[in-house]
Amino acid sequence: MAPSDSYDPRAVQDKWQARWAEIEPYRAEESADDSRERRYALDMFPYPSGDLHMGHAEAFAIGDVPARYWFQRGYNVLHPIGWDSFGLPAENAAIKRNEHPAKWTYANIETQAASFHRYAPSFDWSRRLHTSDPEYYKWTQWLFLRFYERGLAYRKGGQVNWCPNDQTVLANEQVVGGHCERCGALVERRTLTQWYFRITDYADRLLDDMAQLEGRWPDRVLLMQRNWIGRSTGADVQFVIEGRAEPVTVFTTRPDTLYGATFFVVAADAPLAAEICAPEQRAEFEAYREQVSRESEIDRLSTEREKTGVFLGRYAINPVNGERIPVWASDYVLAEYGHGAIMAVPAHDQRDLDFARRFGLPVRVVVDTGEADPAQTGVATAGDGRLVNSGPLDGLGKADAIARAIEVLESKSLGKASVNYRLRDWLVSRQRFWGCPIPIVHCASCGEVPVPDEDLPVRLPDLRGADLAPKGTSPLAAAGDWVDTACPRCGGPATRDTDTMDTFVDSSWYYFRYCSPDYADGPFDPEQVRTWMPVDQYTGGVEHAILHLLYSRFFTKVLHDMGMVDFTEPFTRLLNQGQVILNGKAMSKSTGNLVDLGDQIAEYGVDVVRLAMLFSGPPEDDIDWADVSPQGMAKFLARVHRIAAETAAPAGADPAAGDVTLRRATHRVIDEATTMVEAQRFNVAIARIMELVSATRKAIDSGPGAADPAVREAAETIAILLSLFAPYTAEEAWEALGRQAPVIRAGWPSADPALLVEDQVTCVVQVAGKVRDRLEVPPGIAADELERLALASDKVRAALGDGGVRKVIVRAPKIVNIVPA
RNA sequence: GCCCCCGUAGUCCAACGGGCAGAGACACUUCGUCGAGAACGAAGAGGCUGCAGGUUCGAAUCCUGCCGGGGGCACCA
């Protein structure tokens, strides 16, 4: 009997898909009188690029488990779905096909929605949203305007990252190793005026609030965010530059080493360098600056290459000792970080030391760490030690010296304690069409004017095909009728801002919208958000560790400050699923290293694919599809189905009258599977169900038989536990057992404690750490009784020989270890 | 270069706060059943827990070092 004879996945899928559409078992209830506990399960919403693939299958199988578990527990569950539907691929496809991006986008959404219906995550479809719908992006614009009012959205000119392939600027977070995070092109620098969100105002809170997430988010995500924000504490110190009226401020984390500063470095591309360069050094400096401006981001990032720089012909005065030190320009100092200038302490900073050795500048040790002289070894000493050659700081340790140095600086108004961040403000404007228009109008007499709320949304004009071709400025600029408008303030002629927002703005608040997707008086109904949020479980890929997740945390804090929400972190728990790979390599269309989800489902069915994804290992691990066995999963599901069909005890039969051995197995599995689901170790939970299936099979074949009430109890337990992982098979089995759909509302079983205690357990008796005997004892046996039994064992006495006993360690009822004299 | 995570059977993976190395799956061997199959049921084999030390009565588990794999950061003063 082949599995297909008894269990046809496709027929079962079609049957239940239709039934579920009728009974809507996954609908969240928003009524305030519903007193059930609430849970919010969220999956990172998909971008509609073609159909769903294996990666989606894994992510949504994993994200579905906690949602389904909560349904079984009887909670009121919000498990929504939507699409992150603005973005470049749609625009590129539209150019190629001479269409509107919406056409490609919404066609793909329909394809994915149909695939999702078949894949059957427990979504509440009534809350579906798309970020490219005007009903949605109206509120993205509304939020932009609130940010603008609060000074959190602003425009400034400066050096920005430019992707030559996508023809748009990028945020720092979207440049990875000097390449565009999206398309991989080498990123260039341009000087442009752009819109920013002032995320740096929230740097401290983004860091400090991570305490709330500790242990609930993966460590590596927290670490990456910490690194990205990059807080460092130290001091601002003012140096006078000879011949310049205003002193120049530098930031240092080591004010204790001020007496060791032997030169001063200004970022070569900072205006200050050009300003203070002495005439006789001008030519050399200009040549150097030209060279620096030509180097790519990749060159600049390389730590291997030798330091470069030029002397600017000027001197700075060390504020603590009045020493004259030469001022250099170099590209190892960044114009955008700190103040674009540093004091260089080569003895205690490796970068400064490399520079000093390259250009023959002096090295002066001011912290005696007990290590060899950096000037000789070329290795800067950054550790703790006693201060030397440092006037009033002499003799202090590093930490004390830092504190003392800051005190001295502050008392003389030469500096102050200071904090710097690696994090930069979030550049949000994009020179592309298929995004949310920035709701600002530029008026010759009034300047920047926000579009009034009642005029939102500012809809995209109807552009398509060639009009969208990138030309380095936003395609929106070409829509003359759209661009020309009246100033909302003075009524005079004005133009619309032609940039659109980074799509990460759209996705920074979608999980709020799900709470009240049709709400018309704001981005969300505060009442609904209060009852549903924060999100209890968020599932998605780790690639968003410092993009979407950082931005979303920022948005939530701003909404909190606006009084719109009463919490400060949006996602209580985060799970990053691994990737699906093949033969150790990422799947890729171009190399043909691909497994098609549709093919897999056609061959084995949805449940097999889901189960294979979940059973292959812990959810965080990558899944190599070459290692999984869909056939094995199919075999298991067929076993489940057969057990349900064979179960002969009537529904409602009292399990207490059933076979106690099988009942023990059932309740042990309930207990352990529950623990494993809560610990997010779904592979182990499934293994437990497999054990129960085997035990039930055995009971039917060679035990009390299919008519025993314990078999029914086991079979029903299997169906319910399995409903978290293989919804179709579980529902079909539930029906075969004479129960009424949906199985997802059957209720999670609880283990009977009386059935969890064994009446006999095996106690291992060791002599000198080696197992010598096993005793069958009652679990509640007393330690001294067990010790007596163990010492009385013939095998133990044989092992001990003539020697005496030095010590006996008893851990009742599991083990006795006897240490011979 | 610095930091984090991970090395268990041929393979994917279990093993709770140190206590019998094995739950489950794939592959393998054997047996039974039958409608004779790539079906169903059962049994079995398989290990220096990456290596070397240490702590302990007892270590896959804790500590140190090394080797191997994965990830993050990498001129951020």
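For the numbers below, each heavy atom of this structure counts, side chains included, while hydrogens, waters and symmetry mates do not.
In this structure, B:G44 and B:C28 make a Watson-Crick or G-U wobble pair, each of the two defining distances being under 3.5 angstrom. Applying the Watson-Crick and G-U wobble criteria (two distances, each under 3.5 Å), B:A52 pairs with B:U64. Shown here, B:A21 forms no base pair; nothing in the strands shown gives a Watson-Crick or G-U wobble contact with both key distances under 3.5 Å. Nucleotide B:A9 forms no Watson-Crick or G-U wobble pair with any nucleotide shown, as no partner meets the under 3.5 Å limit on both distances.
A:Tyr421 and A:Asp204 share a donor-acceptor pair across their side chains, judged by distance under 3.5 Å alone. With 3.5 Å as the limit, one finds no donor-acceptor pair spanning the side chains of A:Tyr288 and A:Ser293. For the 3.5 Å distance criterion, the side chains of A:Thr729 and A:Asp607 qualify, holding a donor opposite an acceptor. Residues A:Trp217 and A:Gln225 have side chains that never bring a donor and an acceptor to within less than 3.5 angstrom of each other.
To the nearest whole angstrom, the two P atoms, one in B:C73 and one in B:C66, are 24 Å apart. On the P atoms, B:G70 is 24 Å away from B:C63, given to the nearest whole Å. One P atom belongs to B:C51, the other to B:G47, and the distance between them is 14 Å to the nearest Å. Going from the P atom of B:A9 to that of B:C48 covers 9 Å, rounded to whole Å. Between B:A59 and B:G44, the two P atoms lie 29 Å apart (nearest whole Å). Taking atom C1' on both nucleotides, B:A43 is separated from B:C4 by 45 Å, rounded to a whole Å. The gap from the C1' atom of B:G37 to that of B:G46 amounts to 28 Å, rounded to the nearest Å. Rounded to the nearest Å, the gap between the P atom of B:A45 and that of B:G7 is 27 Å.
Under 4.0 angstrom from either OP1 or OP2 of B:G41 there lies at least one side-chain N or O belonging to A:Arg642. At B:C3, none of the side-chain N or O atoms of A:Arg226 fall inside 4.0 Å of OP1 or OP2 (strictly under the cut-off).
Closest to the side chain of A:Pro618, out of B:A42, B:A14, B:G72, is B:A14. The side chain of A:Phe615 lies closest to B:A25, out of B:A25, B:G41, B:G19. Distance from the side chain of A:Ile815 is smallest to B:G19 among B:G19, B:A14, B:G41. In this structure, the nucleotide among B:A23, B:A77, B:C13 sitting nearest to the side chain of A:Asp349 is B:A77. Listed nucleotides B:G41, B:A23, B:A14 differ in distance to A:Ala687; the shortest reach to its side chain belongs to B:A23. Each of B:A77, B:A42, B:A14 was ranked by its minimum atom distance to the side chain of A:Asn683; first place goes to B:A14.
Protein atom CD1 of A:Ile809 is 9 Å distant from nucleotide atom C1' of B:U56, rounded to whole Å. Going from atom CG of A:Asp621 over to atom C1' of B:C12 covers 10 Å, rounded to whole Å.
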Test salt bridge (Lys or Arg N to Asp or Glu O under 4.0 Å) on A:Glu620 and A:Arg220; report intermediate values, then the result.
CA-CA 12 Å; A:Glu620 307 80 17; A:Arg220 60 174 173 157; over 6 Å; no
Output, in order, the C-alpha distance, side-chain angles, deciding distance and verdict of side chain to side chain contact (heavy atoms under 4.5 Å, CB included) for A:Val808 and A:Val819.
CA-CA 6 Å; A:Val808 181; A:Val819 188; over 6 Å; no
Let me see the working for A:Glu691 and A:Arg668 under side chain to side chain contact (heavy atoms under 4.5 Å, CB included), right down to the final yes or no.
CA-CA 10 Å; A:Glu691 279 181 66; A:Arg668 188 180 51 78; 3.1 Å; yes
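Cation-pi contact between A:Lys307 and A:Tyr332: present, with separation from the ring centre below 6.0 Å and deviation from the ring axis of at most 45°.
Heavy-atom distances under 4.0 Å link RNA chain B to A:Asp627, A:Ser629 of residues 622-629 of chain A, given in residue order.
Residue-level contact check: A:Ser330 touches neither bases nor backbone, having no heavy atom under 4.0 Å from any strand. Residue-level contact check: A:Arg424 touches the bases, meaning some heavy atom is under 4.0 Å from a base atom.
Interface remark: the A:Asn227 side chain does not form any donor-acceptor pair with the B:C73 base, using a distance-only criterion of under 3.5 Å.
Taking the side chain as every heavy atom from C-beta outward, A:Ile229 and A:Leu550 approach each other to under 4.5 Å.
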